[in-house]
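Report on one structure; see the data block that follows.
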Number of protein chains: 2
Amino acid sequence: MNQSKRFLDIVTDIRDMIRREKIKPGNRIPSERELAEKLQVGRSTLREALRSLELLGLIETRRGEGTFLSDHRNHQLVEVLSTFILQDTQSQEDVWQTRLIHEISAIRTICQNSKLASLKVWDSFRNRLNENESLYREDFVRELMVLSGNRLSLKIWFLLQQYSGNPYQEPVTEDEKEMLLPLLAALEQQDMSSAIDLFKTWSSWLQKGRMQNGNDTRDL
Amino acid sequence: MNQSKRFLDIVTDIRDMIRREKIKPGNRIPSERELAEKLQVGRSTLREALRSLELLGLIETRRGEGTFLSDHRNHQLVEVLSTFILQDTQSQEDVWQTRLIHEISAIRTICQNSKLASLKVWDSFRNRLNENESLYREDFVRELMVLSGNRLSLKIWFLLQQYSGNPYQEPVTEDEKEMLLPLLAALEQQDMSSAIDLFKTWSSWLQKGRMQNGNDTRDL
DNA sequence: AAAATATGAGTGGCCAGACCACTTTCAAAT
DNA sequence: ATTTGAAAGTGGTCTGGCCACTCATATTTT
């Protein structure tokens, strides 16, 4: 059963660690030797995971200095692309809706792929919810997008996500557990319609909160 | 002077080799030991590159068998890998799928909006089909996108459409009437599931035609 | 005292060699 | 002719080592 690739586990382990230790973009993460020791893996295996993350643009390495979480918010390309796509889109509602389109489509794909049903990711998320570990909303949804397997959709989603206000950049609250735990269950059982309904419920719950705050679109 | 990461060079080297040797999706690429020897790098360094490509979904590895070019994808993505950090995913398959996501979402919205059911547009299209007037595929689908009311989605769709090859820039053929007329009917009756099924059928019919033509891989 | 220089610890980059687990192949045994 | 099993080949992983680079500190030079 456990023929899963080690380096993929390490990728998620590292991500978990980053969240747990609250490492922020630009911060340094432990050295390769340190991480290898902590995760009980060889350094070369660990490096395979790190190099993958680097190719994805999630981390930066500087020889002699260390490895750093890359600040994707400063990515120039993101700026260029977004101004291109979002030029004259005044409607925040459209951004929200379009992002939702991609998310729900991802859920559809996931529920149709039986290989994705029995994945340790679900357990991981469930634990983090039950354990009251800090879990960022964005991290959960991004995982869905990644699992869907459509990289382009993932990229579009990522852009939209940055323009959807900030609810995604905050941890899940106590109230949301009641929606997310059933959602995890539905995903595991490949119950597509339930999963979509639950996700929509969560999403509109988030949107409601966003409207009240409304201090969005602050930076950029 | 050679600041560039070795494993990034390897990524592009592998891409070049794949192109040179005309390795096609599903084919096996040389073993790690062989590649390491050929490229004059250590095996672990080579593996860092391979693992990155694997995480990107470009290759598959099967223990005991070998490493294979991933099926569903198009190596056009490999093209872009050199400039990867400025990621610009170009998998044709992803583009197609993502465009489909937006189109089907538009159909969903249309079917849910009763105001759109009794519209003279449907009659107009029906007539043009029956009258054998020349009707461009793109015109029809664009109308769907417009009707959905999401301008951002329309905009993204338009971009994707330009990258999806040219089947959209040609008139509908005789064969397609059998799919499009029922589709129009389903839209009028707000029969969402039928409409989606019919549209998918049409879409995959188009894609099939595209595959036969496009023996491209002609580089950019 | 200030500035230039040397040192050493820590880091990522890379490599060679060694096992292991697994799949395929093909020759030997039945 | 079929089954069995040994060998070769492959990816997965680990160890230990060396190099190149950065940075803070100590040392020497001015």
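Each chain gets a letter, A, B and so on, in the order the sequences are listed, and its residues count up from 1. As the structure is a prediction and not an experimental result, all values here were calculated from the model.
Aromatic pair F125(A)/W122(A): centroids not less than 6.0 angstrom apart.
Note on R28(B): a side-chain N or O is less than 4.0 Å away from OP1 or OP2 of dT10(D). The side chain of R47(B) places an N or O atom within less than 4.0 Å of a non-bridging phosphate oxygen (OP1 or OP2) of dG12(D). OP1 and OP2 of dT10(D) both lie 4.0 Å or more from every side-chain N or O belonging to T67(B).
Atom CD of E21(A) has more than 12 heavy atoms from other residues, nucleotides or ligands within 6.0 Å. Annotation: E133(A), atom CD; neighbour count of heavy atoms from other residues, nucleotides and ligands within 6.0 Å is above 12.
Between W205(B) and E176(B), the side chains place no donor N or O within less than 3.5 Å of an acceptor N or O (distance only, hydrogens not considered). Looking at N150(B) and S153(B), their side chains never bring a donor and an acceptor atom within 3.5 Å of each other.
Side chain of E65(B), nearest nucleotide from dT24(C), dG13(C), dT10(D): dT24(C). Side-chain atoms of E32(B) lie closest to dG11(D) of the nucleotides dG11(D), dC14(C), dT22(D).
Here dC15(C) presents its C1' atom at 15 Å from CG of L39(B), a figure rounded to the nearest Å. One interatomic measurement links the two molecules: CD1 of I59(B) to P of dG11(D), which rounds to 9 Å at whole-angstrom precision. Taking atom CZ of residue R51(A) and atom P of nucleotide dG12(D), one finds them 18 Å apart after rounding to whole Å. The CG atom of D9(B) sits 13 Å away from the P atom of dG13(C) (whole-angstrom rounding). At whole-Å resolution of the value, CD1 in I29(B) and P in dT10(D) are 12 Å apart. Residue F68(B) contributes atom CZ, which lies 11 Å from atom P of dT10(D) at whole-angstrom precision. For the pair L35(A) CG and dG10(C) P, the interatomic distance rounds to 16 Å; values are reported in whole Å. A straight line from CD of E34(A) to P of dG10(C) spans 11 Å, rounded to a whole angstrom.
Smallest separation of non-hydrogen atoms from T109(B) and S148(B): CG2-O, 3.7 Å. Here the closest heavy-atom approach between residue S134(A) and residue Y136(A) is recorded as OG-CE1, 3.8 Å.
In terms of position on DNA chain D, the residue among G64(A) and S31(B) whose nearest nucleotide sits closer to the 5' end is S31(B).
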Between the protein and nucleotides 3-7 of chain D, which nitrogen or oxygen pairs are less than 3.5 angstrom apart?
none

Enumerate all atom pairs, one protein N or O and one N or O from nucleotides 14-19 of chain D, separated by less than 3.5 Å.
unit_1: dC14(D); atom_1: OP1; unit_2: R6(A); atom_2: NH2; d: 3.3
unit_1: dC14(D); atom_1: OP2; unit_2: G42(A); atom_2: N; d: 2.8
unit_1: dC14(D); atom_1: OP2; unit_2: T45(A); atom_2: OG1; d: 2.7
unit_1: dC14(D); atom_1: O5'; unit_2: G42(A); atom_2: N; d: 3.3
unit_1: dG17(D); atom_1: O6; unit_2: R43(A); atom_2: NH1; d: 3.2

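Taking E32(A) as the reference, R43(A), R47(A), R51(A) meet the salt bridge (Lys or Arg N to Asp or Glu O under 4.0 Å) condition, with sequence neighbours excluded.
For the pair E103(B) and R99(B), the salt-bridge criterion is met [side-chain N within less than 4.0 Å of a carboxylate O].
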